[in-house]
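The next block holds one structure in the form of structure tokens; read it before the comments.
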Amino acid sequence: MENVQQIITTGSLIGFNDSLQVELLPGGRCVRLTNNFKVTLAVGRMITVPAGFETDFASVPRLFWRIIPPWGRYSAAAVVHDYLYATASITRYEADRIFLDLMKRLGVPLWKRRLMYRAVRLGGWASWKRFRSQNR
């Protein structure tokens, strides 16, 4: 399969310090970051998602893709959220709140932010637990 690279988002004015550049992985469902992706949070803390990190963007079950597809305006927030879950450098609650804040800064509509936030609060525990068991 031919590698396809794409710039997903840029936005230094809203705290996204680098463009999100990814390459599509075989199978077409996941991508790998081709450069570091830095985000400055509202409290001034910086998160760097390293090049090479793999994500599926928003981990939405296929049944709901017509309402919330895996890719969208929220993709950059989803990448940071996946990274925070994978590294557990903060609590799950903090990771989910950062996801909510980044979606707001990206201009995701309120109804969609609320739906996605509640979905990660309700169903995110499974991914959180899976990442914890992989890192033992």
Side-chain angles (χ1 to χ4, degrees):
M1 173 181 248
E2 180 181 326
N3 282 347
V4 177
Q5 293 190 11
Q6 184 172 6
I7 296 175
I8 302 299
T9 189
T10 60
S12 60
L13 293 177
I14 57 172
F16 292 88
N17 304 349
D18 295 315
S19 61
L20 178 57
Q21 297 181 23
V22 298
E23 62 182 350
L24 190 61
L25 296 176
R29 180 67 181 97
C30 294
V31 296
R32 178 182 302 126
L33 273 64
T34 57
N35 65 333
N36 291 341
F37 182 58
K38 296 178 184 171
V39 175
T40 303
L41 303 179
V43 294
R45 179 177 168 215
M46 181 177 286
I47 296 173
T48 301
V49 182
F53 181 73
E54 295 180 9
T55 178
D56 64 353
F57 293 109
S59 305
V60 178
R62 184 178 292 267
L63 176 66
F64 302 110
W65 283 8
R66 287 184 156 247
I67 301 166
I68 307 286
W71 301 36
R73 185 180 291 226
Y74 42 79
S75 291
V79 168
V80 173
H81 187 253
D82 280 1
Y83 177 72
L84 292 174
Y85 265 45
T87 59
S89 56
I90 59 177
T91 67
R92 184 176 155 242
Y93 175 76
E94 291 170 322
D96 293 347
R97 293 300 297 186
I98 289 169
F99 179 55
L100 180 63
D101 176 62
L102 293 177
M103 286 193 294
K104 181 178 181 181
R105 289 161 53 186
L106 287 165
V108 176
L110 180 62
W111 71 268
K112 195 174 280 189
R113 289 195 312 259
R114 286 183 175 169
L115 181 64
M116 294 180 77
Y117 176 73
R118 288 180 191 199
V120 296
R121 290 306 302 159
L122 287 173
W125 63 270
S127 293
W128 182 266
K129 187 175 177 181
R130 180 174 39 91
F131 280 124
R132 300 293 66 74
S133 65
Q134 289 173 349
N135 292 333
R136 286 185 188 171

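Nothing here was measured: the structure is a model prediction, and the numbers come from that model.
To the nearest 0.5 Å, atom CD of residue Gln21 and atom CG of residue Leu33 are 9.0 Å apart. In this structure, CD1 in Ile98 is found 5.0 Å from CG in Leu84, a value given to the nearest 0.5 Å. Atom CG in Leu100 sits 10.5 Å away from atom CE in Met116 (nearest 0.5 Å). Note that OG1 of Thr87 is 8.0 Å distant from CD1 of Ile47, once rounded to the nearest 0.5 Å. Here the straight-line distance linking atom CG of Leu41 with atom CE of Met46 works out to 9.0 Å at 0.5 Å rounding. Rounding to the nearest 0.5 Å gives a distance of 8.5 Å between OG1 of Thr34 and CG of Leu20.
Leu122 is not connected to Ile67 by any chain of hydrophobic side-chain contacts under 4.5 Å among Ile, Leu, Val, Met, Phe, Trp and Tyr, and they are in different clusters.
Screening residues 94-103 for side chain to side chain donor-acceptor pair (under 3.5 Å) gives His81-Asp96, Tyr85-Asp96, Thr91-Glu94, Asp96-Arg121, Asp101-Arg105 as the qualifying pairs, with residues at least two apart or on separate chains.
Closest non-hydrogen pair, Ile90 versus Trp128, comes out as O-CH2, 3.2 Å. Closest of all the heavy-atom pairs between Ala86 and Arg132 is O-NH2, 3.2 Å. The heavy-atom pair separating Arg29 from Val60 by the smallest distance is NH2-O, 4.1 Å. Nearest heavy-atom pair, Ala76 versus Leu106, reported as atom, atom and distance to 0.1 Å: CB-CD1, 4.1 Å. Between Phe99 and Val120, the shortest heavy-atom distance links the atoms CE2-CG1, 4.0 Å. When all heavy atoms of Ile68 and Lys112 are compared, the closest pair comes out as CD1-CG, 3.3 Å.
Taking Arg113 as the reference, nothing meets the side chain to side chain donor-acceptor pair (under 3.5 Å) condition, with sequence neighbours excluded. Shown here are the ring pair (Phe, Tyr, Trp, His ring centres under 6.0 Å) partners of Tyr117, two or more places apart in sequence or in another chain: there are none.
Side-chain contact between Val79 and Phe57 is present, with heavy atoms from C-beta onward closer than 4.5 Å. Contact annotation: the side chain of Val22 never approaches that of Thr55 to less than 4.5 Å [non-hydrogen atoms, C-beta and beyond]. Looking at Tyr83 and Pro50, their side chains come closer than 4.5 Å, going by heavy atoms from C-beta outward. In this structure, Pro69 and Tyr74 have side chains that are in contact, with non-hydrogen atoms separated by less than 4.5 Å. Between Asp82 and Asp56 the shortest side-chain heavy-atom distance falls below 4.5 Å.
Asn35 contributes no side-chain N or O that, together with a main-chain N or O of Ala51, makes up a donor-acceptor pair within less than 3.5 Å. Panel note: side chain Ser75, backbone Trp71; no donor-acceptor pair is recorded below 3.5 Å.
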Test Val80 against Phe37 for side-chain contact (heavy atoms from CB on, under 4.5 Å), laying out the working first. CA-CA 9 Å; Val80 173; Phe37 182 58; 4.0 Å; yes

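By the neighbour-count criterion of 12 heavy atoms within 6.0 Å, atom CH2 of Trp65 is densely surrounded, having more than that number from other residues, nucleotides or ligands.
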